[in-house]
Participant: 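The following block contains the structure, expressed as structure tokens.
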Amino acid sequence: MFGVMSKRKKFEALLVSLPAFLLYSFVFIYPMITVFRLAFFKWNGIPSSPMQYVGFRNFIAVFNDRKFMIALRNVGIFILSGVFLIMPVALFLATVIQSKIRVKRFFRTSYFMPQVISRTAIALMWYFLLYPEGGPLATLFQSIGLGHIDVNFLGSQKYAIYAITVINAWTYAGFNMLIFSAGLTSIPNEILEAAEVDGASGFKRFRYITVPMLKSSFQIFILNAVVGSITTFEMVYVTTGGGPGSASEVFGTLLYKNAFTYNNYGYSNAMGAFLIVASFVASILLRKMFAYSDRK
Amino acid sequence: MKKIRIRSIIFVLFAILFAAIFIYPIYFTVVSSFKNNNEIWNTMFSLPSKIEWSNYTSAIQDVKILKAVLNSFIFSLGASFVVVIVVTMAAYVCARNILKVSKFLKTYYLLGMMVPPYAMLIPVVTMFTRLGFRDKYWPMILLYAAINFPMSFYLISSYIEGISQDLDEVALLDGCDLFTLIFRIIFPIARPGIFTGAIITFLAVYNELIFANTLLTNQAMKTISVRLLGLQGERFTSYGPMFASIVLSVVPILIVYLIFQDRVEGGIAEGAVKG
């Protein structure tokens, strides 16, 4: 029908598309291009002071930064925590909300609730939960004879990043539950019933039917976990700010601090450019890998 | 049979255990918001012996948390409104392939889903400073609409693609113009999809921190995330008002979530699948 559309209709369509195009181009794409341009300049952030072209020096500074390696390691820890902590939990939660359990809505709601709470509020809540003098976890540890352990994990060089991954898992488990839950609904009941008739145990049914049929859910999960870990920022910023010292630094906190603490805007833009490219490349590579393994 | 029963009991116990893990931090926050400073610590479950309403008066008068809640609501509603109008129009044109560039536009818009918005923080801050946009409602609303544009475009356009074109044809034959067609005919049918896009935007903006924290410096403009972040650094003689502030800023969004639960979960799941 639109093939025979008059010139006037096409003009109307153009008019109707314009606000979105302008908004997105000026407020999303234009700053994105600017990041790549400014990454080649040294600048202290003061509008009146000049920008100095420095070639690739900002990128060299980013990749030579000792903290970049810390951030890289922490991103790795985030990805691993996704696979070994969030994935099993989310999968279990998905089976709960797909089971015949009573008051299903209550379980579903309680698992998902953290997802809609502001990350800052979550950080405050956990700050109090982990409060060393009389906080709930300290009290719990006291009562089971672990009182000698310092529960101030967020303030510890060694454990801060792990504490954040736990808080992160608490926040995002419900979100990932939905990914697996969508996958579970697509498994036909007849297959599971047939296997049961054939005498396959619950575990065997799970291992040999459910897991293989959830393949695309696992792929979506991995994609979200990897890209989400590379670009993770808010959760770290609100809990430790990348500290203590630089122990829990991630790419986002480095971008933020170099701009607003050290006035090194060139570094931040180079980091921004790196982040955009890295999340792009990661998601395209993973998609290619998945497509390849699906064909096999 | 007995083996199966034991197994299902363990299953239910774990389901309950996880529910407790997710609910407990919220329970602790709510209970503590009604306690005086001495009662908060060294307990895990106990209820307050006397309800301390002063925590809430302090959260409202000293922390001014309700003003922050109001600001968050203004930004969220504003951005959702812009998204509904602007994205629906664009999504319709793309979903129906009306223009030759429709395919290109679709890829162009969805590109944004792969980009972490905060990577553009510095150019955005520079732009806002140069144009005098800081601490103003409208520029901030447009920024939030743009950040949430790709996701809502995806949700709304895939919904419109699922609607039959029969009505469009009848309307166009009747000489209806495109604007009327979109808002009189498509809008009511596509309302579930459009609404999902709006509610996802609403949630994201209500809780947004990074841009708000760098662009809103005036105390009267701050949103809940920025205000709560500020509390971390402030010295309090009592922690009660902090807990009360958390409760007052989280309860409104939890209500929104509970009312529109299926939309919220459906929209988030659909967005996640696209990745």
Side-chain angles (χ1 to χ4, degrees), chain A residues 1-2 9-10 12-14 16-17 19-20 23-24 27-28 31-32 34-35 38 47 93 96 101 107 110-114 116-121 124-126 129 133-136 139-140 170 175 178-179 182 202 220 223-224 231 233-234 238 252 259 265 268-269 272 275-276 279-280 283, chain B residues 7 12 15 18-19 22-23 25 28-29 41-44 86-87 89-90 93 96 98-99 109 112 114-116 118-120 122-124 127 129-130 142-143 145-146 149 165 169 172 177-179 182 203 207 209-210 224-225 228-229 232 242 246 249-250 253-254 257 265 268-269 272-273 275:
Chain A
M1 105 186 120
F2 291 109
K9 283 281 176 292
K10 297 248 177 197
E12 281 176 10
L14 212 58
V16 155
S17 313
L23 176 73
Y24 179 72
V27 194
F28 201 112
M32 196 176 97
T34 311
V35 169
L38 292 185
L93 301 182
V96 171
I101 200 165
F107 285 108
S110 59
Y111 297 156
F112 188 76
M113 213 156 41
V116 302
I117 299 176
S118 146
R119 304 295 173 263
T120 331
L124 274 179
M125 286 179 183
W126 281 83
L129 288 179
E133 287 117 44
T139 312
L140 175 73
W170 182 82
F175 166 82
L178 294 182
I179 294 176
I220 294 159
L223 190 67
N224 277 302
T231 59
F233 174 26
E234 246 190 72
V238 293
Y265 282 67
S268 293
N269 282 314
L275 271 166
I276 295 170
S279 49
F280 240 90
S283 75
Chain B
R7 200 172 278 155
V12 171
F18 273 109
F22 288 106
I23 291 173
F28 178 75
T29 306
W41 307 115
N42 294 312
T43 61
M44 282 191 65
V86 171
V87 176
M89 295 194 295
V93 174
R96 292 288 192 255
I98 299 179
L99 295 170
Y109 292 150
M114 288 201 269
V115 177
Y118 77 82
M120 287 114 62
I122 284 125
V124 169
M127 181 162 90
T129 310
R130 194 165 292 158
L142 291 178
L143 172 67
F149 184 97
Q165 301 198 1
E169 275 176 60
L172 284 175
D177 66 86
L178 211 57
F179 193 80
I182 292 173
L203 278 172
N207 292 329
L209 171 70
I210 309 297
I224 59 130
S225 288
L228 290 179
L229 189 71
Q232 278 182 328
M242 280 176 92
I246 301 174
S249 55
V250 169
I253 201 70
L254 279 183
Y257 160 59
E265 290 172 2
I268 285 179
V273 168

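Naming convention: chains lettered A, B, ... in sequence-line order (proteins, then strands); numbering from 1 in each chain.
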Participant: For Tyr111(A), which atoms come within 4.5 Å of any heavy atom of chain B: side chain, backbone, both, or neither?
Facilitator: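 Contact with chain B is through both the backbone and side chain of Tyr111(A).
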Participant: Considering only heavy atoms, which portion of Pro19(A) lies under 4.5 Å from any heavy atom of chain B: side chain, backbone, both, or neither?
Facilitator: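 Contact with chain B involves both backbone and side-chain atoms of Pro19(A).
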Participant: Please look at Ile101(A) and chain B and tell me whether the side chain, the backbone, both or neither of the residue comes under 4.5 angstrom of a heavy atom of that chain.
Facilitator: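 When you check distances to chain B, only side chain atoms of Ile101(A) fall under 4.5 Å.
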Participant: I need the residue from Thr129(B), Val124(B), Leu143(B), Leu228(B) with the largest number of non-hydrogen atom pairs under 4.5 Å to chain A.
Facilitator: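 Option with the greatest count: Leu228(B).
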Participant: Counting heavy-atom pairs under 4.5 Å with chain A, which one of Ser225(B), Ala145(B), Ala90(B), Ser249(B) comes out on top?
Facilitator: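 So the answer, after comparing Ser225(B), Ala145(B), Ala90(B), Ser249(B), is Ser225(B).
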Participant: Could you check which of Ile246(B), Leu209(B), Leu203(B) has the highest count of heavy-atom pairs closer than 4.5 Å to chain A?
Facilitator: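 Ranked by heavy-atom pairs under 4.5 Å with chain A, first place is Leu209(B).
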Participant: Under the rule for ring-ring contact (aromatic ring centres under 6.0 Å, His included), what residues qualify as partners of Tyr265(A), not counting sequence neighbours?
Facilitator: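 Scan of Tyr265(A) (ring-ring contact (aromatic ring centres under 6.0 Å, His included), adjacent residues dropped) gives Trp43(A).
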Participant: Given a strict heavy-atom distance threshold of 4.5 Å, which part of Leu140(A) is in contact with chain B: side chain, backbone, both, or neither?
Facilitator: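 It is both, since atoms from each part get that close.
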Participant: Determine whether Glu12(A) and Ile98(B) make a side-chain contact, defined as any pair of heavy atoms from C-beta on separated by less than 4.5 Å.
Facilitator: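 No; the side chains remain at least 4.5 Å from each other.
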Participant: Less than 4.5 Å to any heavy atom of chain B: does that hold for the side chain of Ala182(A), its backbone, both, or neither?
Facilitator: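 Neither part, no heavy atoms under 4.5 Å.
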Participant: Excluding sequence neighbours, so at least two apart, what forms side-chain hydrogen bond (donor to acceptor under 3.5 Å, both in side chains) with Tyr257(B)?
Facilitator: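 So Tyr257(B) forms a side-chain hydrogen bond (donor to acceptor under 3.5 Å, both in side chains) with Gln261(B), Glu265(B).
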Participant: Let me know if Leu229(B) has heavy atoms under 4.5 Å from chain A in its side chain, its backbone, both or neither.
Facilitator: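 Both backbone and side chain.
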Participant: Of the backbone (N, CA, C, O) and the side chain (C-beta and beyond), which part of Phe28(A) lies under 4.5 Å from a heavy atom of chain B, both, or neither?
Facilitator: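 Answer is both: backbone and side chain atoms of Phe28(A) are under 4.5 Å from chain B.
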Participant: Give, as side chain, backbone, both or neither, the part of Leu93(A) having an atom under 4.5 angstrom from any heavy atom of chain B.
Facilitator: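 For Leu93(A), the side chain is the part near chain B, not the backbone.
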Participant: Please determine, among Val86(B), Ile224(B), Val12(B), the option with the most heavy-atom pairs under 4.5 Å with chain A.
Facilitator: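 Answer, by heavy-atom pair count under 4.5 Å with chain A: Val86(B).
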